[in-house]
2 protein chains.
Amino acid sequence: MATIKDVAALAGVSVSTVSRVINASGYVDSKTGERVLAAVEALDYRPSRIARTLVTRRSGTIGLILPDITNPFFPEVARGAEDEAYRHGYNLILCNSDWKLEKETLYLGILRQQCVEGVILVSTKLTEERLTEECRSLPPLVVIDRTITLDIHSISSNNVGGAALATKHLLVQGYRRIAHIAGPASSISARQRLEGYHRTMAEAGLPVDPALVVEGDYRLGGGKKAMARLLALTEPPEAVFCANDMMAVGALEQLQESDRCAPADMAVVGYDGIDLTRYVHPRLTTVIQPTYQMGERAVQLLLETIKGNESFQHIELEPRLAIGDSSVRRDGP
Amino acid sequence: MATIKDVAALAGVSVSTVSRVINASGYVDSKTGERVLAAVEALDYRPSRIARTLVTRRSGTIGLILPDITNPFFPEVARGAEDEAYRHGYNLILCNSDWKLEKETLYLGILRQQCVEGVILVSTKLTEERLTEECRSLPPLVVIDRTITLDIHSISSNNVGGAALATKHLLVQGYRRIAHIAGPASSISARQRLEGYHRTMAEAGLPVDPALVVEGDYRLGGGKKAMARLLALTEPPEAVFCANDMMAVGALEQLQESDRCAPADMAVVGYDGIDLTRYVHPRLTTVIQPTYQMGERAVQLLLETIKGNESFQHIELEPRLAIGDSSVRRDGP
DNA sequence: CTGAAAGCGCTTACAG
DNA sequence: CTGAAAGCGCTTACAG
């Protein structure tokens, strides 16, 4: 590998001059510039980012800590982030935290050593206190999918509003006895979606039978079990809004296994907008989260902060409803 | 951020000594060691990987270039690679090439500047010549999902064997008129799976009607169209082996839209083993590729090479058949 | 417009 | 067992 010294020697100038031309900084005679460029070309010289980082403190890398790239929700976030990073000459270091606090903390430390210019934390388990503490010794931080009140950038999607979208859709279809398969109460997004459901029902003047709200685990099995419980009720619901797609798919499976089908026997709506919803039968009505944009905006925020913007932002993106076949009343409202 | 100098000053020793204790290299008095460790603790000192890399040339990072993390095939590979990297204290830089030669080349250059210790290239479009050329100026390279004959590490899965697995399964079920929805001829894996199909049919002494081999595009739409063509034949097949799962799902959709169903009217088998196959109805029989292991082994190979192993390896992993409901003959063979 | 020098934060022989 | 010095490959004031 050629170094800046080799280029300088070949071009017959000092390393300072080479540095100036490759960075287009300071004055340099056009003739000299050409000679340097020729030498760069001849030696296939590529400046070492490592050396550059050591002096400038700018590594051109961003850390992305997410729970599990294998979970259908996260590749989109990663892709949005990587695309935006790419456009600005940045690279992404990918870290899977497995929803574990220790792995998050560990990676945060490693990324700091790695001299990343910013970190994106998706669905973090860290408390706000720890986060603010980390922020002192850390490069800029953006938290995705977690509402943060303190002085940390955050990007989230409107879960209350999204749940309202789903619930209203069912109301518009003419359903009144609407159940909710909720996510685990430990999850903030699950609580928010539950709230959106309750709020919308209340606004419509409809009381919610407590038996119609069943807690699931955000996984297929949980959705299945929850649906079984709903079907076992003396008066089962006409429709169910599930807090995520995996549970909705589980609910559909349970319906089928009980020889019923959606939407004829019960309307089903999911949440997230993962690919699977398009391939399942009946095609699932769902609330699509702007996952790609979340990753994209996170990098944008980081870049602005690196460039000196001081103000903390809390961006809330809007999900949108995608109507499939699983919730549409065929006989009309 | 505290530096090694700060630690040295606080502990009252030289930076050389600090370096020795944090790297556990060379002799150091236990008392001195303790003092240094105490200083490290007190200052929350974390050695800069950047500075260390500059002198040791070991950055602790590996580059992963794959076509698109959003494509269901790749997150598993990435996860396998990241897990193995994590175990050895390495980090992964994620790059999406969008199946484009230019992006691959560009990233290869950037990763070199970033001083990664190795690069994993998934489904590369680069020619073998270009690849060997790159290898001269580059850190160790491992190519995944692409058979390479030259002196480059490669990890692939046995596509011919996997296709044979699928085809034999259909034969065992008693089907004789077996069609193949192939992937695009430009894809090596598609050609290999086609070969596995042909070879198995020949071994069984069954001639293949050319009309039964239809080329698709590895996407849902292509599978749908191909199935439509098969259904339009005067003598449609009894079973079809699809070169990937997305096309198989498309084929299932077309069957359903034509008021037929699998496996009663036609048996369907896919390839890849993406999650979707488990949620589709009927549950799809498919050939599961060892994607996680491919990523894992790739990092292992890289690490061995970094440690000095000179011999080039071509690892071929074996896929396995997962029998679902889409291909099982209910009335018995 | 150009070059010499210092320095970024480490590691690594080399003396002692 | 410990420290002074050189050096990794750059950038950045500072002279000239």
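Side-chain atoms are counted along with the backbone in the values below, which use heavy atoms only and exclude waters and symmetry mates. To find a chain, count down the sequence lines: A is the first, B the second, and so on, and within it residues start at 1.
- Annotation: ring pair (Phe, Tyr, Trp, His ring centres under 6.0 Å) contacts involving residues 8-32 of chain A, sequence neighbours excluded, are absent.
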Strand DNA chain C in bracket notation, Watson-Crick/G-U under 3.5 Å with | for pairs to another chain | |||.||||||||.|||
Side-chain donor-acceptor distances from residues 62-78 of chain A under 3.5 Å, at least two apart:
{"residue": "A/D68", "atom": "OD1", "partner": "A/T70", "partner atom": "N", "Å": "3.0"}
{"residue": "A/D68", "atom": "OD1", "partner": "B/R79", "partner atom": "NH1", "Å": "2.9"}
{"residue": "A/N71", "atom": "OD1", "partner": "A/F73", "partner atom": "N", "Å": "3.0"}

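- Legend: residues meeting salt bridge (Lys or Arg N to Asp or Glu O under 4.0 Å) with B/D145, ordered by chain and number and at least two apart, are absent.
- Heavy-atom distances under 4.0 Å link DNA chain D to no residue of residues 28-44 of chain A.
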What does nucleotides 8-16 of chain D look like as a protein-contact string, B for base, S for sugar-phosphate only, - for none, at under 4.0 angstrom between heavy atoms?
-> BBBSBB---
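- Taking the side-chain hydrogen bond (donor to acceptor under 3.5 Å, both in side chains) definition, one finds that A/R87 meets it with A/E84, sequence neighbours left out.
- Distances shown here put a side-chain N or O of B/T17 below 4.0 Å from the OP1 or OP2 atom of D/dG3.
- Within a 6.0 Å radius of CZ in A/R297, no more than 12 heavy atoms belonging to other residues, nucleotides or ligands are found.
- Applying the side-chain contact (heavy atoms from CB on, under 4.5 Å) criterion to B/V13, with sequence neighbours excluded, gives B/A11, B/T17, B/V18, B/T32, B/R35, B/V36.
- Considering only residues two or more places apart in sequence or on other chains, B/Y86 meets the ring-ring contact (aromatic ring centres under 6.0 Å, His included) condition with A/Y107.
- Residue pairs meeting the salt bridge (Lys or Arg N to Asp or Glu O under 4.0 Å) criterion with at least one partner in residues 5-17 of chain A, sequence neighbours excluded, are absent.
- Applying the side-chain contact (heavy atoms from CB on, under 4.5 Å) criterion to A/S16, with sequence neighbours excluded, gives A/S14, A/R20.
- Listed by first and then second residue, the ring pair (Phe, Tyr, Trp, His ring centres under 6.0 Å) pairs that reach into residues 125-145 of chain B come to none, sequence neighbours excluded.
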